[in-house]
Amino acid sequence: MPDTKKFIENLSGAGKSIGVLTSGGDAQGMNAAVRAVVRMGIYVGAKVYFVHEGYQGMVDGGDNIKEASWESVSSMLQVGGTVIGSARCKDFRTHEGRLRAALNLVQRGITNLCVIGGDGSLTGANLFREEWSGLLDELVQSGQISEEAAQTHSALHIVGMVGSIDNDFCGTDMTIGTDSALHRIIEVVDAIMTTAQSHQRTFVLEVMGRHCGYLALVSALACGADWVLIPEMPPKDGWEEQMCHKLSENRADKKRLNIIIVAEGAIDQNNKPITTDLIKDLVVRCLGFDTRVTILGHVQRGGTPSAFDRILASRMGVEAVLALLEASPGTPACVVSLCGNQAVRLPLMECVQMVRNIKCLAYLGLMELQAARSKHAELCVPMVMVPATVSNNIPGSDLSIGADTALNAITDVRRHTLVSECVCVWGADAAYIYEEPFDIRDLQSNVKHLTEKMKTSIQRGLVLRNENCSENYTTDFIYQLYSEEGKGVFDCRKNVLGHMQQGGAPSPFDRNFGTKIAAKAMQWISKKLKEFYREGHVFANSEDSACLLGMRRRALVFQPVIQLKDETDFVHRIPKEQWWLRLRPLMKILAKYKTSYDVSDSGQLEHIVRLRAKDISAI
């Protein structure tokens, strides 16, 4: 077998500068991660900088960004929280704030960032990386940095580590701080159990977990709790009686205490919060037990990190530095995760967007629910899916909620001659998309066409590239090609829109479309509930009782999801036929290319038909 080992002696950080920051909420073990980044960075010859107070410190600059030394991280391994500070930063959410942050980093030569925080902090870091080249262009234009400085610092590398006591990040088995938080919870429960036994009391404990019940569930297992309530599993109707019956049985078996653990985000099946006070009142009213409530709160974040968290954070910190040393300009931002007992690197946004990616073909979830009806009668109810994704790639619908808003975000970006990377493309001087393969000859033709156009008229040009159109013809490659070939004719700028396409207020079209399609979906569900009501309950088990509601040409149509299989390219997560591809020739014609255009589907003269009231209600 070939030797695949890598040795640290073969990696050099000479000439590199690394910034390390903690952002969002604090978690035990963050300091161990900071320590590992600093010492590993210095060991390989890099300069390492503390960025105090998270993104706020990066935006404010000054003394918030200081070079770290080997001794500056001594005696911090066992300290909880984060000694370099963490802060929520509204400024970094704005373009102006990120521009100031970029200036502060370039002035110190920092082009490598290690971000320790939750998914929000890591998403912000990725957005910063996507905008980096555009931010440097702005700084050059405003005279704040030189062209040479922009070229020297042309690439920003990002590596993330997840610091969160909730253990709520996809892609890693454990996040930094989770084990320590469990230690705090178990310490409290163990202490409470002695007094609870003495007085035959019931204790209701609230632990953190607004959206994730990991802490509640695992602590309940570890301390032998009688009942646990978490947000992921809303209890069935009648849970109150079941819980009281269980508590009563335990007391009858001579158990002198009861422990109920509740995640702060626990809800019932009607999305109503299940609070500790509600449970206390229930137990007192139904059983008459002496019941006390304990809310652990920020106790779970405090204290010294556990041995597991110290080791985990140290391993992740070292791996983060190695990832930065090995990064190239095209390397995507990654997050260091724990898989079993192995530190691994995963694409950052794949982890953050795991749920969003599922939504790209969200009807698969509906198909799975439909398939499970044979085993679970509770799923034999009418189901309908409403398409909502900026990618507009749901089979069965020409349009999706959010696509129009994303297109508006794209068209709002206007600069000289612009090479822009985006998710959806709709018309420009050239548009490179996954669905239409292209090669170097096409690129040459497009560059020549744009050059000729700009020679004969004073106007702007626009080139769009889909993020997945080609592994080799990257945005940087196309930008450099247009820049080189357009010398003396036009200037070229690059902009990676990234998550700008998913943000902002919804467009009027999306607000109207979303309202209408949701209202029609609820009308359909009401109708189906009546249709499938038999002998006191609803039983829906036919294909047409699980549908996708989509816009097909000129009408909203309910289509059984089982029928969408034949229309779907599951490998590439797109419909096999996409209506908007017919707009490609039109775009080329309007951009002054010679091409053919199929007009067989063009509109025909029709008479106006007045709809009757009952027909309108059926639309």
Side-chain angles (χ1 to χ4, degrees), residues 4-23 29-51 58 68 73 84 105 109-119 121-130 132 153-164 169-176 309-354 471 474 476 498:
T4 59
K5 292 182 180 179
K6 293 186 296 184
F7 295 94
I8 192 65
E9 300 89 83
N10 300 325
L11 297 174
S12 174
K16 293 192 176 184
S17 295
I18 301 172
V20 58
L21 66 119
T22 53
S23 178
M30 280 185 166
N31 286 325
V34 171
R35 172 181 177 271
V37 170
V38 170
R39 293 197 165 175
M40 190 61 183
I42 293 174
Y43 182 85
V44 296
K47 286 186 177 181
V48 184
Y49 289 82
F50 291 134
V51 180
M58 192 189 300
V73 292
I84 61 174
L105 294 185
I110 300 173
T111 55
N112 300 278
L113 277 182
C114 182
V115 180
I116 308 167
D119 58 349
S121 302
L122 300 182
T123 301
N126 190 69
L127 174 61
F128 191 42
R129 173 185 170 275
E130 290 177 343
W132 182 255
H153 306 93
S154 60
L156 178 68
H157 305 297
I158 301 287
V159 174
M161 288 183 278
V162 187
S164 168
F169 192 81
C170 293
T172 186
D173 292 346
M174 287 287 278
T175 57
I176 297 171
D309 272 329
R310 299 184 198 192
I311 297 170
L312 173 66
S314 297
R315 292 176 64 189
M316 286 187 168
V318 169
E319 188 66 29
V321 173
L322 296 179
L324 290 172
L325 293 179
E326 296 171 3
S328 63
T331 302
C334 74
V335 60
V336 179
S337 302
L338 181 71
C339 183
N341 192 38
Q342 182 72 39
V344 297
R345 306 173 197 172
L346 300 174
L348 188 152
M349 291 313 297
E350 281 189 18
C351 297
V352 172
Q353 293 182 330
M354 188 171 288
E471 291 184 7
T474 63
D476 285 329

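Bear in mind that the values here come from a model prediction, so they are computed numbers and not experimental data.
Atom CG in Asp309 sits 11.0 Å away from atom CE in Met30 (nearest 0.5 Å). From Ser17, atom OG reaches atom NE2 of His153 across 7.5 Å, with rounding to the nearest 0.5 Å. To the nearest 0.5 Å, atom CG of residue Leu324 and atom CD of residue Glu319 are 10.5 Å apart. Rounding to the nearest 0.5 Å places CG of Asn112 at 7.5 Å from CG of Leu156. One finds the OG atom of Ser337 at 13.0 Å from the CE atom of Met174 (value rounded to the nearest 0.5 Å). With values rounded to the nearest 0.5 angstrom, Ile176 atom CD1 is found 11.5 Å from Phe169 atom CZ.
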Before you tell me yes or no, could you show the steps for Lys16 and Val44 under side-chain contact (heavy atoms from CB on, under 4.5 Å), namely the whole-Å CA-CA distance, both residues' side-chain angles and the distance that decides it to 0.1 Å? CA-CA 10 Å; Lys16 293 192 176 184; Val44 296; over 6 Å; no

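In plain terms, the two heavy atoms of Cys170 and Cys351 that are nearest each other are O-CB, 3.3 Å. Pairing each heavy atom of Val344 with each of Cys339, the nearest pair is CG2-CB, 4.1 Å. The nearest pair of heavy atoms linking Ile18 to Ala46 is CD1-CB, 4.2 Å. The minimum heavy-atom distance linking Ser314 with Ala36 is given by the pair O-CB, 3.5 Å. Of all heavy-atom pairs spanning Val48 and Ile42, the tightest one is CG2-N, 4.0 Å. In terms of heavy-atom proximity, Val51 sits nearest to Met58 at CG1-N, 3.7 Å.
When side chains are defined from C-beta on, Tyr49 does not count as touching Val20, because their heavy atoms never get closer than 4.5 Å. Two residues are said to be in side-chain contact when any heavy atoms from C-beta on lie closer than 4.5 Å; Leu113 and Leu21 meet this criterion. Here the side chains of Arg35 and Asn31 are not in contact, with every heavy-atom distance at 4.5 Å or above. In this structure, Met349 and Leu122 have side chains that are not in contact, with every pair of non-hydrogen atoms separated by 4.5 Å or more. The closest side-chain heavy-atom distance from Val318 to Tyr43 is not below 4.5 Å. In this structure, Leu105 and Phe128 have side chains that are in contact, with non-hydrogen atoms separated by less than 4.5 Å. Within the 4.5 Å cutoff, the side chain of Val159 has no heavy atoms near those of the Arg345 side chain.
Judged by distance alone, the side chain of Thr172 and the main-chain N or O of Leu338 form a donor-acceptor pair under 3.5 Å. In this structure, the side chain of Ser23 does not engage the main chain of Gly117 through any donor-acceptor pair within 3.5 Å. Side-chain atoms of Trp132 never come within 3.5 Å of backbone atoms of His157 as a donor-acceptor pair (strictly under, hydrogens ignored).
For Lys47, the NZ atom is loosely surrounded, since the number of other residues' heavy atoms within 6.0 Å does not exceed 12.
Screening Val37, Thr22, Val34, Thr175 for a side-chain contact (heavy atoms from CB on, under 4.5 Å) with Met161, the sole residue that qualifies is Val37.
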